[in-house]
Protein chains: 2
Amino acid sequence: MHKPTIQDVARRAGVGVGTVSRVLNNHAAVRASTRESVLGAIAELNYTPNPHARRIAGGKSYTISVLLPVVTTEFYVRLLDGLEHAFQEARYDVAIFPLLDRSRLERYLGSHTLAYQADGLVMATYNLTQMFQQGTNIRPYSGPTVLVDAFAEGVDCAYMDNVLGGRVAGEYASQLGGQLYAVWVETELDQLFTTRVFDDRRSGFMEAVEQAGQTVRGEYTSSFDSLNARMVAVQLLDEAVLPATVFASADLLAGALLDEAQARGLQLGRDLRVIGFDDQPWAQGRGLTTLHQPVEAMGYEAAQLLLTRLSGHEGPPRARRFEPRLVVRSSSQ
Amino acid sequence: MHKPTIQDVARRAGVGVGTVSRVLNNHAAVRASTRESVLGAIAELNYTPNPHARRIAGGKSYTISVLLPVVTTEFYVRLLDGLEHAFQEARYDVAIFPLLDRSRLERYLGSHTLAYQADGLVMATYNLTQMFQQGTNIRPYSGPTVLVDAFAEGVDCAYMDNVLGGRVAGEYASQLGGQLYAVWVETELDQLFTTRVFDDRRSGFMEAVEQAGQTVRGEYTSSFDSLNARMVAVQLLDEAVLPATVFASADLLAGALLDEAQARGLQLGRDLRVIGFDDQPWAQGRGLTTLHQPVEAMGYEAAQLLLTRLSGHEGPPRARRFEPRLVVRSSSQ
DNA sequence: TTGTACGCGTTATCAT
DNA sequence: ATGATAACGCGTACAA
């Protein structure tokens with residue numbers, strides 16, 4: 001009772017192994033009827049190809065390494081969903097490397113580990129330039145690489161247009177009336193996790209507000225931490241002139257504002273309007289107006305960019321842009 | 001200029017491929033001098049064996065799957081260090097499956113990737129019984145499995161003795177003098193991430209305090225969240241009779257106490273003594289007395305348990321116990 | 001102790 | 001369109 005092989009399938013279907021392989025890999029040149037019987041045999045035997053044999057015969061590893069920071073969960077869950085979906089369709093395996101700290105990055109990329117066995121590399125949220133240009137001992141990965149949720153010159157990338165997201169928030173906030181305030185996320189000091197998303201959201205927001213002929217009456221900064229977020233919320237509501245409209249550049253910050261507003265008995269939509277960013281799972285339940293990001297689509301597209309390279313596509317780097325979408329809920333009206 | 005193979009090494013060293021393979025796998029029966037020359041050739045050619053060929057020839061995958069919750073970073077970083085170290089020594093690859101959410105677990109266990117790839121499974125911090133016995137559609141992994149940082153009957157496991165840790169804290173706290181207080185971590189509702197560590201720490205602590213003829217004057221509960229931790233610290237210090245000794249069952253909670261104590265101008269060691277649990281990287285810098293856990297050793301040992309199974313060890317399930325160690329710093333004296 | 005030859009399960013290259 | 005068959009790189013039984 002061993003695991004069925006391609007031989008077993010071929011015998012069962014009354015064809016050669018070559019034909020089975022062709023069916024498996026969509027090599028077009030196979031008659032519809034034979035394809036049917038092969039697929040039938042595969043189903044009956046509950047056959048799944050041995051990936052290792054596949055890798056050694058094909059010369060490729062059929063594996064993609066995904067370098068993933070471990071910060072906020074929700075975002076990366078969705079990102080992985082998109083990536084894995086696309087790669088699975090193309091019969092690629094995904095090896096996940098959670099970058100829990102900096103030393104792991106260097107170890108992972110240090111030649112002999114899995115990261116270098118892979119046919120391709122997906123890097124999430126990292127500043128390639130910083131990583132590979134600084135005087136680190138990290139040597140660039142030689143295979144095809146795609147950046148996701150980050151933008152850089154010279155590399156394929158799929159990124160979220162946070163400038164646009166900020167602008168949408170700014171336009172919407174400007175027409176709500178009331179004094180304008182904003183809370184930004186303090187950029188991490190650790191270079192590895194440096195991100196420009198919050199800077200981008202800010203510049204978009206400020207630009208839109210200015211174009212609307214308004215001014216931001218106060219700006220605040222918080223670390224990405226519930227305690228600090230609450231403290232900032234307290235300070236903001238102490239100082240703010242009501243009615244106020246606050247753009248919080250992350251839902252975590254917006255949530256703290258909702259909490260503090262509730263503690264003070266402020267009425268949302270009248271005394272205070274809040275706009276978040278991320279559309280976390282709880283945002284709907286709490287009625288938070290926020291910017292929803294098509295994260296899965298971004299992951300899926302990033303995978304497609306890599307897959308086309310793997311199947312031989314040459315040409316200049318491509319950048320795919322994704323747009324956050326405003327979801328209006330009760331916190332702003 | 002292709003990647004060197006075992007053939008190249010054999011030719012270079014003037015031996016047969018079998019000998020090279022024997023050297024690679026420590027198959028004892030090889031003369032020291034030939035071993036040397038083979039290792040020399042390997043070094044000169046910068047040869048690394050093709051893992052996929054190895055897997056297909058040997059019938060094994062030489063890969064271990066590690067199911068890892070993504071919660072607090074520091075702990076799992078160290079755990080992974082220990083695991084990866086051991087597996088690397090034994091020439092096994094480690095595939096990490098970050099369990100960002102529940103649906104991923106089912107997908108991982110259901111899909112052929114994990115089943116195919118791995119010779120063994122390491123599960124961190126999960127309650128096996130709960131996972132496999134509840135009416136879920138999760139079917140148990142058939143290969144050898146080891147639990148790490150969790151204890152269950154019928155499975156090999158390496159676990160931290162949190163009861164002992166609590167007891168040590170209790171004994172130490174009891175002899176410090178002053179009123180005793182404790183802060184516990186609220187257990188997660190999500191069954192997947194249910195953990196008994198905080199219950200264990202509590203029962204050990206209470207037992208030790210009782211044995212010392214003392215009583216705990218107040219118990220508090222906080223979620224694992226800096227904001228809530230601070231709120232609880234505020235409440236505790238509002239109500240506490242000074243001088244007080246507080247056992248915080250996680251450094252996160254202890255840190256909030258230090259913050260609040262500082263804000264109130266309390267003098268640590270005189271008005272307030274704090275004992276944490278975890279020995280986070282910042283604990284030393286802030287002088288926090290806390291319980292250090294040999295996490296790397298636990299991971300290493302868990303890997304060894306699995307490796308012995310892989311090399312054919314039969315016999316009843318084994319449990320390896322690890323002991324937290326009290327690190328006394330200025331916050332308690 | 002060591003070399004040779006076979007097999008692992010798949011893909012790719014030929015003929016047909 | 002399809003069936004043989006040769007790789008792919010390594011582990012291992014067997015012979016020497």
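Order of the sequence lines fixes the chain letters, A, B, ..., with proteins taken first and strands second; residue numbering starts at 1 for each chain. Just so it is clear, the structure is predicted and the values come from calculations on it, not from any experiment. FYI, side chains are in, hydrogens and waters are out, and symmetry mates aren't considered; it's all heavy atoms of this structure.
- Within the nucleic acid shown, A:R22 comes within 4.0 Å of at least one base atom, counting heavy atoms only.
- Between C:dC8 and A:N50, no contact under 4.0 Å exists linking OP1 or OP2 to a side-chain N or O.
- Summarising the geometry, the separation between CZ on A:R55 and P on C:dT11 is reported as 11 Å, rounded to the nearest angstrom.
- Protein chain B touches strand DNA chain D; the 5'-most and 3'-most nucleotides with an atom under 4.0 angstrom of its non-hydrogen atoms are D:dG9 to D:dA13.
- Comparing A:T19 and B:P4, the nucleotide of DNA chain D nearest to each residue sits closer to the 5' end for A:T19.
- For C:dT2, the OP1/OP2 oxygens have a side-chain nitrogen or oxygen of B:T34 closer than 4.0 Å.
- Here C:dC6 presents its C1' atom at 14 Å from CD1 of B:I56, a figure rounded to the nearest Å.
- Using a 3.5 Å distance cut-off with no hydrogens or angles, the side chains of B:R55 and A:N50 do not pair a donor with an acceptor.
- Both B:V30 and A:S21 sit near DNA chain C, but only B:V30 has its closest nucleotide nearer the 5' end.
- Shown here for B:L121 and B:L67, the closest heavy-atom pair between the two residues is CD1-CD1, 3.9 Å.
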Would you sort out whether B:R318 and B:R309 count as a side chain to side chain contact (heavy atoms under 4.5 Å, CB included), showing the intermediate values?
CA-CA 11 Å; B:R318 299 155 293 172; B:R309 293 286 178 194; 3.2 Å; yes

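- Taking both residues in full, the closest heavy atoms of A:I96 and A:L68 are given as CG2-CD2, 4.2 Å, listed atom of the first, atom of the second, then distance.
- Nucleotide C:dG9 holds its P atom 11 Å from the CZ atom of A:R11, rounded to whole Å.
- When every heavy atom of B:L306 is checked against every heavy atom of B:V122, the shortest pair comes out as CD2-CG2, 3.7 Å.
- When heavy atoms are screened at a 4.0 angstrom cut-off, B:V17 is found touching base atoms of the nucleic acid.
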Decide side chain to side chain contact (heavy atoms under 4.5 Å, CB included) for B:R12 and B:E44; before the verdict, give the C-alpha distance in whole Å, the side-chain angles of both, and the deciding distance to 0.1 Å.
CA-CA 9 Å; B:R12 177 89 168 204; B:E44 289 171 33; 2.3 Å; yes

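- Looking at A:R11 and A:D8, a side-chain N of the basic residue comes within less than 4.0 Å of a carboxylate O on the acidic one, giving a salt bridge.
- If you find the closest nucleotide of DNA chain C to B:R35 and to A:R54, the one lying nearer the 5' end belongs to B:R35.
- Using a 30° and 60° split on the angle between ring planes, B:F151 and B:Y159 fall in the perpendicular class, above 60°.
- An OP1 or OP2 oxygen of C:dT1 is reached within less than 4.0 angstrom by no side-chain nitrogen or oxygen of B:R31.
- Judged by distance alone, the side chains of A:S61 and A:D119 do bring a donor and an acceptor atom under 3.5 Å apart.
- The side chain of A:Y47 places an N or O atom within less than 4.0 Å of a non-bridging phosphate oxygen (OP1 or OP2) of C:dT10.
- When the local axes at the two ends of the helix from C:dT1-D:dA16 to C:dT16-D:dA1 are compared, using 5 base pairs at each end, they differ in direction by 40° after rounding to 10°.
- Put simply, NZ on A:K3 is 13 Å from C1' on C:dT10, counting in whole angstrom units.
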